[in-house]
Colleague: 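I'd like to ask you about the structure that follows.
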2 protein chains.
Amino acid sequence: MKTTPEQSEQRDGTATGPGAGLGTRERIVRATARLMQRQGYEGTGIKQISREAEATLGSVYHFFPGGKQELATEAIRHGDREFAEMLRRALESRPDPAEAVLAVAKDVAAELRASDWLDGCPVTATSLGTAAHAPDIRLAASEAFERWRGLVRDKLLACGFGAQDALELAHTVINTLEGAEFTAQVARDEEPLLIAGRHLARLIDSYR
Amino acid sequence: MKTTPEQSEQRDGTATGPGAGLGTRERIVRATARLMQRQGYEGTGIKQISREAEATLGSVYHFFPGGKQELATEAIRHGDREFAEMLRRALESRPDPAEAVLAVAKDVAAELRASDWLDGCPVTATSLGTAAHAPDIRLAASEAFERWRGLVRDKLLACGFGAQDALELAHTVINTLEGAEFTAQVARDEEPLLIAGRHLARLIDSYR
DNA sequence: CACTAGATAGAGCGTTCGTTCTAGAGGGGT
DNA sequence: ACCCCTCTAGAACGAACGCTCTATCTAGTG
């Protein structure tokens with residue numbers, strides 16, 4: 001329809017749903033991310049994505065000639081950036097790292113509950129089950145975790161923790177939140193996440 | 001072919017693959033569990049299951065008239081029992097709960113590595129992405145986690161921990177192992193699990 | 001021998017899958 | 001005026017999906 005990807009979609013009826021005013025490519029990425037977060041990689045069809053993004057199949061393959069796998073890696077990177085932003089904000093808002101991690105756990109719990117326990121970790125949901133036959137998806141997931149870990153590690157380093165302690169704690173912070181979020185999701189109860197937050201705060205404090 | 005499900009399959013050629021000598025129903029459950037552990041619920045087809053189990057489609061629907069969802073819940077229960085058994089053994093083998101949890105982490109890491117990073121948590125892999133449209137699968141997963149938690153909690157209670165501390169620690173032990181296993185899987189590195197084991201031991205010790 | 005219930009066997013149903021393909025619309029450059 | 005490139009549009013393909021269906025075979029019972 002148009003060439004520049006911004007502020008278009010007004011001439012036709014494609015700008016009615018969520019993501020209105022965004023470029024076609026961005027709408028596709030967001031739809032992929034949201035759908036795969038809830039249904040997983042195999043559970044999400046490309047036609048469903050194009051429908052949800054209010055784009056046509058032609059557009060999907062125009063922007064993502066690599067097909068479903070490219071869509072998935074891009075969706076993982078999208079989820080990566082989104083959570084990294086939330087994590088960065090939470091870590092910056094509290095000087096104390098233990099309090100900051102507790103705050104992150106509470107934020108995750110609130111978001112999960114608000115979605116009626118549907119929106120778990122987008123990276124996990126999208127990449128699970130693809131490890132055997134899609135190395136680039138697995139790699140994108142690994143990089144997302146590494147980025148999140150880096151944010152936590154830097155916070156701990158800035159608070160005077162030793163290099164190895166900081167990195168190892170960052171590992172466990174991310175992994176525990178990950179596991180607790182999934183448990184909270186299947187149990188439909190935010191308690192596991194709140195317990196995880198308290199335990200992680202206690203663990204961090206034990207290293208001072 | 002025969003009525004009693006034990007020691008059959010010898011007259012024909014069905015007893016050649018893994019699970020030889022088992023009843024048809026049991027072979028189907030094991031094949032489902034193994035495949036869904038690696039490929040997830042949506043990524044696993046019923047025809048693939050019947051092929052892998054060396055059973056026919058008719059047999060699959062004969063034993064599991066509830067179809068794919070019933071197969072999945074049964075596979076989750078199978079994985080539940082298997083891990084519960086390993087967990088129980090590890091917890092019984094060490095008097096100290098912190099050491100026991102560390103041993104569990106090492107066992108999980110060894111198994112994951114031995115499978116070339118393919119066999120993650122069967123419960124997670126099977127249930128992820130089905131939460132929205134398959135309540136019984138979600139419930140079976142929730143029950144599995146609850147059972148595992150119960151084993152850890154009982155160990156802590158037996159070691160003199162308070163009731164609430166024991167339950168909360170059990171939550172975090174299972175959740176952290178869960179998250180660390182997935183991270184180890186995508187990173188193809190057992191280090192996250194070993195770090196998790198050490199941190200969990202430290203956390204448990206901090207409650208004495 | 002006949003009868004029955006349990007289990008096996010697989011063709012075939014309609015649907016959806018991921019992907020490919022051709023056709024055309026829109027706007028800028030010359 | 002024309003071309004050209006980007007992007008949109010959706011029909012069509014073969015394969016695979018979950019599931020239903022009928023038919024057959026076996027073992028046990030009378």
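In what follows, every heavy atom counts, from backbone to side chain, and hydrogens, waters and symmetry copies are set aside. In what follows, every chain begins at residue 1, and chains take the letters A, B, ... in the order their sequences are listed.
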Colleague: How about Asp136(A) and Thr73(A): does a side-chain donor come under 3.5 Å of a side-chain acceptor?
Modeller: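 There is no such pair between these side chains.
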Colleague: Among residues two or more places apart or on two chains, list those pairs meeting side chain to side chain donor-acceptor pair (under 3.5 Å) that have a residue in residues 109-130 of chain A.
Modeller: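 Listed by first then second residue: Arg38(A)-Asp119(A), Arg113(A)-Glu190(A), Asp116(A)-Arg188(A), Thr124(A)-Glu178(A).
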Colleague: Would you mind checking if Glu143(B) and Arg147(B) are paired as a salt bridge, meaning a charged N to carboxylate O distance below 4.0 Å?
Modeller: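 No, this pair does not count.
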Colleague: With a non-hydrogen cut-off below 4.0 angstrom, is Thr44(B) in contact with a base, only sugar-phosphate, or nothing?
Modeller: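 Counting heavy atoms under 4.0 Å across all strands, the contact made by Thr44(B) is with sugar-phosphate only.
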Colleague: I need the CD-P distance between Glu26(B) and dA7(C), as an integer number of Å.
Modeller: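 For the pair Glu26(B) CD and dA7(C) P, the rounded distance is 15 Å.
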Colleague: Reading DNA chain C from 5' onward, which residue's closest nucleotide shows up sooner: Pro65(A) or Arg51(A)?
Modeller: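 With Pro65(A) and Arg51(A) compared, the 5'-side residue is Arg51(A).
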Colleague: Is there side-chain contact between Arg153(A) and Leu156(A), with heavy atoms separated by less than 4.5 Å?
Modeller: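 They are not in side-chain contact.
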Colleague: With a 4.5 Å heavy-atom cut-off, do Leu91(A) and Arg88(A) have their side chains touching?
Modeller: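 No. Closest side-chain heavy atoms not under 4.5 Å.
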Colleague: What's the CD-P distance between Glu42(B) and dT16(C), to the nearest Å?
Modeller: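 From Glu42(B) CD to dT16(C) P: 14 Å.
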Colleague: Counting heavy atoms from C-beta on, name the nucleotide in dA7(C), dC17(D), dC17(C) closest to the side chain of Lys47(A).
Modeller: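 It is dC17(C).
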Colleague: Find the distance Gln48(A):CD to dT15(C):C1' and express it as a whole number of Å.
Modeller: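 So the CD-C1' distance, Gln48(A) to dT15(C), works out to 15 Å.
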Colleague: Could you tell me if Glu168(A) and Gln164(A) have a donor-acceptor pair between their side chains, going purely by distance under 3.5 Å?
Modeller: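 A pair is found: one side chain offers a donor N or O, the other an acceptor, under 3.5 Å apart.
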Colleague: Could you tell me whether Glu85(A) and Arg81(A) have a side-chain N and a carboxylate O separated by less than 4.0 Å?
Modeller: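 The answer is no: the pair does not qualify as a salt bridge.
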Colleague: Specify the separation, in whole Å, of atom NE2 of His62(A) and atom C1' of dC21(C).
Modeller: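 It is 15 Å, rounded to the nearest whole Å.
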Colleague: Would you kindly give the CD1-to-C1' distance between Ile46(B) and dT20(D), to the nearest whole Å?
Modeller: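 Interatomic distance, CD1 of Ile46(B) to C1' of dT20(D): 12 Å.
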Colleague: Using Watson-Crick and G-U wobble pairs with both distances under 3.5 Å, what is the 5'-to-3' dot-bracket string of DNA chain C, with [ ] for crossing pairs and | for pairs outside the strand?
Modeller: ||||||||||||||||||||||||||||..
Colleague: Counting side-chain heavy atoms from CB outward, which of dT20(C), dG18(C), dC19(D) is closest to Lys68(A)?
Modeller: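 Output: dG18(C).
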Colleague: Go through dA9(C), dC19(D), dT19(C) for me and flag the one nearest to the Thr56(B) side chain.
Modeller: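 So the side chain of Thr56(B) is nearest to dA9(C).
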Colleague: Return the value, rounded to whole Å, for the distance between atom CD1 of Ile49(A) and atom P of dT8(D).
Modeller: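 Whole-Å distance recorded here is 16 Å.
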Colleague: Measure from CZ on Phe63(A) to C1' on dC7(D) and round the result to the nearest Å.
Modeller: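 So the two atoms are 6 Å apart, to the nearest Å.
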Colleague: Once you round it to whole Å, what is the distance between C1' of dG18(C) and CG of Leu57(A)?
Modeller: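 Result: 9 Å.
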Colleague: Ignoring backbone atoms, test whether Thr24(A) places a side-chain nitrogen or oxygen under 4.0 Å from the OP1 or OP2 oxygen of dT8(D).
Modeller: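 Indeed, a polar side-chain atom of Thr24(A) lies that close.
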Colleague: Among the nucleotides dT8(D), dG18(C), dG18(D), which one has an atom lying closest to any side-chain atom of Tyr61(B)?
Modeller: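 The nucleotide sitting nearest to the side chain is dG18(D).
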Colleague: Assuming nearest nucleotide by heavy-atom distance, tell me which of Gly58(A) and Tyr41(A) is located more 5' along DNA chain C.
Modeller: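 Result: Tyr41(A).
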